[in-house]
Structure formats: C-alpha cells, structure tokens
Amino acid sequence: MITVIGLGFVGLTTALGFSEKGLKVYGFDINKKKVNLIQNKKIPFFEKGLDEVLDKNLNNNFILTSSIEEAVKNSKVIIMCVGTPSDDNGRADLKYIKSALASILKATDKSDKKIVITKSTIPPSTTRNEIIPFIENMGFKTGEDVFVANNPEFLREGHAWDDFINPDRIVIGTDDEYTKKVMREIYSKFNVPIHFVTLNTGEFIKYLSNTFLSTLISYANEMSMIADSIGGIDIKSAFKIFHEDKRWFGNPANMQSYAYPGCGFGGYCLPKDTQALVQKAKEYNYDAKILNSVLMVNSEIKPHWIDKIKKTVSTDKNITVLGLSFKPESDDIRQTPALEIIKLLLEAGYKNIIAYDPIANDLFDKTYNLPIKYSKSLNEAVNASDTVVIATGWKEFKENKNIFSKKNIFDLRYIL
Ligand SMILES: NC(=O)c1ccc[n+]([C@@H]2O[C@H](COP(=O)([O-])OP(=O)(O)OC[C@H]3O[C@@H](n4cnc5c(N)ncnc54)[C@H](O)[C@@H]3O)[C@@H](O)[C@H]2O)c1
C-alpha cells in the first residue's frame with residue numbers, strides 16, 4: 001500500500017493515478033473541508049477527467065483516511081505532495097514538508113523500513129541538507145530505518161490526469177538500492193523510462209523544466225517590449241512566423257541542441273545579433289535585461305571552464321584542445337568559443353597547447369596566429385597530452401570515445 005499526503009492538484013491526481021493502476025492507496029490531507037468534498041466524490045478544484053476516476057476508485061483502491069497513523073502503518077511507501085510555497089525571502093518554505101514528515105515519523109516504527117518520497121517540488125540539495133537531517137534529528141537513521149527519495153512531478157494543471165497517467169519519463173532521486181527496487185515496482189505499470197539519479201539531480205531536473213519555461217516566457221515578453229519600443233512591429237504575426245522555424249519540430253536540427261549546456265554560443269550570428277538588438281533597444285530607451293544577461297552568461301561560461309581545468313592541471317602540462325570551429329560540420333571560426341578558451345588557457349600560463357579540428361586547423365592558425373601547435377589527426381592530438389579539452393562537438397570525437405578513456409577529459413560540450 002501507498003499513502004499520499006496532501007490531496008491538492010498533485011496529491012489527488014497521484015493518489016487516483018496509482019489507484020487506477022491497481023495499487024491500494026490511502027489519501028490524507030489536513031484540510032477537512034477538502035477531505036469532505038472528496039469523500040462526497042467532488043473534486044475540490046477543476047481538473048477534467050478526475051471526477052470519473054474518483055467515482056470509480058473511492059472506497060475501492062483509494063481510501064480516504066483521517067488517521068495518518070493508520071495510513072502510515074499500513075503502507076510501505078509514503079508520498080508527500082504538500083505545498084512548498086515561497087517564504088518571505090523567496091526560498092522554498094518547507095514548513096508543510098516538515099510537519100508532514102513529523103506526522104509520518106511519529107507513526108513509524110524503525111523496523112518497518114518505510115520509504116518516504118517527496119513529490120512536492122523542492123530545490124536541489126533539499127533532501128540531502130534538510131530532509132535527511134530532519135529525519136535523523138527525530139532519531140531515525142536514513143538508509144537503515146527509513147529510506148528517502150524524491151520523485152518530481154511534471155504534470156500540467158488542466159492536463160493533470162493525462163500527464164500523470166501518460167508521463168514522458170519518471171525521475172527518482174535516490175541513493176539506495178532498496179528504494180530503487182520498490183519504486184520500480186510501484187511504477188511498473190507505467191510504460192516509460194524510469195531514471196534513477198542522485199538526490200540532487202532528481203530535484204534539479206524539475207527546476208531545469210520550470211526555469212526553462214519561465215525564461216522562455218520572459219524572453220518572449222522582453223522581445224515584445226523591445227518591439228513596442230522600436231515600433232512598427234506586428235508582435236503577434238512576428239511570433240507566429242517565428243514558430244514556423246523547423247527547429248521547433250524535431251530532427252534533424254531541433255531545439256534540444258540549443259537548450260543544452262556547453263561553453264557558449266559563437267559564430268557569425270548569435271553574438272553580434274544579440275549585441276546589436278541590445279544596442280538598438282537602448283536607442284529606443286528600452287534596457288534589455290534578459291538579452292544583456294544572455295551575453296553576460298555567454299562570457300562567464302568560458303572562464304568557468306578554465307577555473308575547472310586549473311584545479312587539476314598544472315601549467316607545465318600539455319593540453320590538447322579538440323575542435324576549433326564554432327560548431328560541428330562547419331569550418332566557420334568567427335567568434336568561435338575555442339578561440340576564447342585557448343586565449344584564456346594561454347593567459348592562465350599553459351604554454352603547451354596542441355589543437356586539432358577535422359577541417360578548420362589551417363584557417364584558425366592563419367586567422368588568429370596563436371602560439372600553439374596543431375595536430376594532423378585526432379589520434380596524434382590525443383596522444384600528445386594527458387589532458388584533453390573538447391571545445392566543439394564534432395562527430396569524429398563522439399565516434400572515437402574509446403581513445404579518451406585514460407585521459408583527464410574536459411568535455412565542454414557534454415558529448416561523450
Ligand atoms: N500544481 C501543479 O501543477 C504542480 C505540478 C508539479 C509539481 N507541483 C508541486 O507539487 C506540490 C503540491 O502542489 P499542489 O498544486 O498540489 O498544491 P496544493 O496546495 O493544491 O495541495 C497541497 C495540499 O497539501 C495539504 N497539506 C499541507 N500540509 C499538510 C500536512 N502536514 N499533512 C497533510 N496534508 C497537508 C494541503 O491541505 C493541500 O491540500 C508543490 O510542491 C508544487 O510546487 C505542482
């Protein structure tokens with residue numbers, strides 16, 4: 001049996017979802033009004049499709065309880081779906097999580113080996129730095145008497161049922177094998193990949209989604225304000241036509257490659273065009289905050305990588321830099337991130353830099369005339385150093401992963 005604590009949008013959907021899949025689920029909420037409504041087969045909020053599944057599962061697989069003790073005692077897994085609003089400083093307020101945890105632990109016997117899952121959205125490091133210490137302060141040893149995991153929820157209000165029942169993927173942040181085994185059983189009827197990741201990674205993935213969406217929305221709004229300042233721009237049609245770009249729709253060049261970390265954008269278009277629009281907006285008295293931040297982050301990412309390299313590689317060592325063009329399948333080296341990376345390495349005191357690009361070696365050498373050496377082949381380049389920095393995500397590097405196995409590798413494009 002499972003217990004779901006907190007029967008709001010996420011909790012009630014989760015409880016009914018697992019019931020529908022054949023599991024026995026207890027539901028508990030401290031809000032009596034809400035519980036009464038649910039008891040009378042009424043959904044306390046609008047969410048299409050939920051009333052039918054409530055009607056079908058209530059008092060069958062789904063049991064509402066006013067006794068958290070009873071629910072916890074009879075369950076192997078307890079899933080917390082309570083709210084995590086902002087506190088006065090903008091941090092996630094964990095008061096509901098902590099009060100739910102306290103009630104769960106009060107009803108828990110150490111020998112029961114309960115698994116406590118946080119489905120509520122909690123910032124990365126919360127399980128490790130707040131939830132585990134809280135549990136241990138109550139006299140339990142995590143990983144022995146009580147097991148913890150996070151299991152972020154990606155449902156969208158308005159599509160909650162469909163999103164829960166047909167998820168794209170399931171993410172479980174946990175460090176222990178017992179929890180993995182039980183969670184695999186619980187989600188066995190959902191025919192999607194289950195990703196077991198570290199505690200912090202599980203929490204982080206949810207914030208990747210939400211901050212990406214909020215950034216996109218603010219980006220679109222900033223662009224609409226720039227357009228209004230300049231004038232003569234039909235914002236609605238401009239966005240509609242923008243959405244016809246085939247990169248939105250998948251292969252071969254899809255948007256995923258842009259929402260991906262690396263060592264920054266370069267080339268002939270993105271840096272100069274972003275700068276030019278910031279300047280144009282300024283002429284029209286609009287201060288483009290997001291676009292300015294976009295440029296700032298693009299500069300910061302390179303020294304960030306150099307700092308990482310400096311931590312483990314002394315300046316007398318050889319460093320091989322793979323990839324010189326600003327992107328794979330191109331020999332364009334204008335404003336290429338590799339240039340900045342090599343310059344920063346030289347500034348940091350690395351004197352023995354060996355570079356290799358499948359097609360851009362000569363052009364890069366002629367154009368920038370840097371005091372570095374060039375290799376004629378990938379093999380030669382990799383053999384020349386213990387440290388390898390991948391600055392461009394060429395297919396040749398991905399396809400020859402094995403040659404990097406004994407190297408100190410800095411994969412600035414996350415391709416390996
Ligand atoms: N709403 C969404 O679309 C959505 C999507 C994904 C994730 N989330 C996250 O899921 C969590 C829950 O969101 P929600 O929209 O379902 O919130 P909600 O406010 O609708 O529901 C939370 C419920 O928890 C109950 N509760 C609080 N403390 C309790 C306790 N100690 N014991 C039992 N019940 C308690 C409240 O009475 C309430 O009914 C949040 O962390 C939210 O960020 C929300």
Side-chain angles (χ1 to χ4, degrees), residues 2-18 25-39 42-50 54 62-72 75 78-87 90-108 114 116-127 130-131 134-135 138 149-173 202-214 217:
I2 298 178
T3 289
V4 173
I5 312 247
L7 298 173
F9 284 92
V10 170
L12 187 56
T13 311
T14 300
L16 291 173
F18 282 125
V25 184
Y26 274 115
F28 174 80
D29 199 294
I30 42 166
N31 183 330
K32 299 246 161 20
K33 237 166 93 185
K34 201 174 254 184
V35 174
N36 277 340
L37 280 171
I38 301 172
Q39 192 69 67
K42 293 206 167 63
I43 302 290
F45 42 85
F46 181 77
E47 195 59 57
K48 64 176 181 289
L50 275 195
L54 176 63
F62 176 50
I63 296 156
L64 266 179
T65 178
S66 56
S67 161
I68 192 165
E69 291 79 19
E70 178 202 344
V72 169
S75 301
I78 297 106
I79 306 179
M80 295 190 290
C81 298
V82 297
T84 46
S86 293
D87 71 9
R91 289 181 295 234
D93 192 340
L94 300 178
K95 67 178 177 223
Y96 300 114
I97 293 272
K98 288 182 178 169
S99 88
L101 263 178
S103 321
I104 295 165
L105 294 173
K106 245 167 99 186
T108 297
K114 302 287 183 207
V116 182
I117 307 289
T118 312
K119 200 176 238 322
S120 306
T121 302
I122 45 170
S125 79
T126 302
T127 310
E130 310 243 13
I131 293 182
F134 185 89
I135 293 175
M138 288 193 66
N150 52 65
N151 170 214
E153 178 52 55
F154 300 98
L155 63 75
R156 296 162 300 164
E157 283 180 28
H159 305 267
W161 180 248
D162 192 45
D163 285 348
F164 186 87
I165 266 315
N166 301 304
D168 317 307
R169 75 290 204 202
I170 285 152
V171 175
I172 316 272
E203 296 158 341
F204 180 67
I205 289 168
K206 176 68 190 171
Y207 284 82
L208 262 183
S209 277
N210 279 3
T211 57
F212 179 64
L213 300 178
S214 59
I217 293 168

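Counting starts at 1 for both ligands and their atoms, in listed order.
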Check: So which bit of A160 gets within less than 4.0 Å of ligand 1, heavy atoms only: side chain, backbone, both or neither?
Finding: neither
Check: Quick one: nearest non-hydrogen protein atom to atom 6 (C) of ligand 1, plus distance?
Finding: E153 O, 3.2 Å
Next item on the list: Name the closest protein heavy atom to atom 33 (C) of ligand 1, giving the residue it belongs to and the distance to 0.1 Å.
Entry: I5 CG2, 3.4 Å
Checklist line | T65 side chain to S67 backbone, donor-acceptor under 3.5 Å | finding: yes
Margin query: If you compare all heavy atoms of V25 against all heavy atoms of V4, which two are closest, and at what distance to 0.1 Å?
Written below: CG1-CG2, 3.9 Å
Item checked: K114 side chain reached by V72 side chain, heavy atoms, under 4.5 Å -> yes
Margin query: So which atom in P124 and which in Y207 form the shortest heavy-atom distance, rounded to 0.1 Å?
Written below: CD-CD1, 3.8 Å
Margin query: Closer than 4.0 Å to some heavy atom of K206 - which atoms of ligand 1 meet that?
Written below: 6 (C)
Check: Looking only at heavy atoms, what is the nearest atom pair of Y26 and E70, with distance?
Finding: OH-OE2, 3.0 Å
Margin query: To check your reading of the model: name the closest protein heavy atom to atom 5 (C) of ligand 1, its residue, and the distance in Å.
Written below: L155 O, 3.5 Å
Next item on the list: Could you check which of T118, I122, V82 puts a non-hydrogen atom nearest to atom 26 (N) of ligand 1?
Entry: V82
Margin query: Is it the case that the side chain of E203 and the backbone of S125 share a donor-acceptor pair, with hydrogens and angles ignored and the cut-off at 3.5 Å?
Written below: yes
Next item on the list: Over all heavy atoms of both residues, which pair between I78 and I5 is shortest? Give the atoms and the distance, please.
Entry: CG2-CG1, 3.7 Å
Margin query: Check whether T84 reaches the backbone of T121 with its side chain - one donor and one acceptor, N or O, closer than 3.5 Å.
Written below: yes
Item checked: Atoms in ligand 1 flagged as close to G83, the criterion being non-hydrogen separation under 4.0 Å -> 22 (C)
Checklist line | Atoms in ligand 1 with a heavy atom of S120 nearer than 4.0 Å | finding: 10 (O), 11 (C), 41 (O)
Item checked: atom 34 (N) of ligand 1 - nearest protein heavy atom and its distance -> I30 N, 3.4 Å
Next item on the list: Under 4.0 Å from a heavy atom of F28: give me the atoms of ligand 1 that qualify, with their elements.
Entry: 32 (N), 33 (C)
Notebook entry, point to check: With respect to atom 3 (O) of ligand 1, which of E157, K119, K33 exhibits the smallest heavy-atom separation?
Noted result: E157
Next item on the list: Distance to 0.1 Å, residue and atom name: give those for the protein heavy atom nearest to atom 37 (O) of ligand 1.
Entry: D29 OD1, 2.6 Å
Next item on the list: Grab the two heavy atoms, one from G27 and one from L7, that are nearest each other, plus how far apart they are.
Entry: C-CD1, 3.8 Å
Item checked: Atom CZ of F45 with >12 non-hydrogen neighbours under 6.0 angstrom -> yes
Notebook entry, point to check: Which ligand 1 atoms are under 4.0 Å away from a heavy-atom of T84?
Noted result: 40 (C), 41 (O), 43 (O)
Check: Do L12 and P44 have side chains that get closer than 4.5 Å, going by heavy atoms?
Finding: yes
Item checked: Ligand-side contact atoms (ligand 1) for residue partner F9, heavy atom cut-off under 4.0 Å -> 1 (N), 15 (O), 16 (O), 20 (O)
Check: Is there at least one pair of N or O atoms, one from F154 and one from ligand 1, spaced under 3.5 Å apart?
Finding: no
Note to self: As an exercise, identify every atom of ligand 1 less than 4.0 angstrom from a heavy atom of C81.
What the structure shows: 12 (C), 22 (C)
Item checked: Nearest-neighbour protein heavy atom for atom 42 (C) of ligand 1, which is reported as residue plus atom name and distance -> T121 OG1, 4.0 Å
Item checked: Top protein contact for atom 21 (O) of ligand 1, by heavy-atom distance -> G8 CA, 3.3 Å
Check: Within a distance of under 4.0 Å, is there any protein heavy atom near atom 17 (O) of ligand 1?
Finding: no
Next item on the list: Within a distance under 4.0 Å of any heavy atom of A100, pick out the atoms of ligand 1 and give their elements.
Entry: 31 (N)
Item checked: Identity of the nearest option to atom 10 (O) of ligand 1, non-hydrogen atoms only, from V4, L7, V10 -> V10
Next item on the list: Please report the shortest heavy-atom distance between C81 and V10, naming the atom on each side.
Entry: SG-CG1, 4.1 Å
Margin query: Looking at E47 and H159, would you say the former's side chain and the latter's main chain have a donor-acceptor pair under 3.5 Å?
Written below: yes
Note to self: Suppose we measure from atom 31 (N) of ligand 1 to each protein heavy atom; which comes out shortest, and what is that distance?
What the structure shows: S99 OG, 3.0 Å
Check: Where does K34 meet ligand 1, judged by heavy-atom distances below 4.0 Å: at the side chain, the backbone, both, or neither?
Finding: side chain
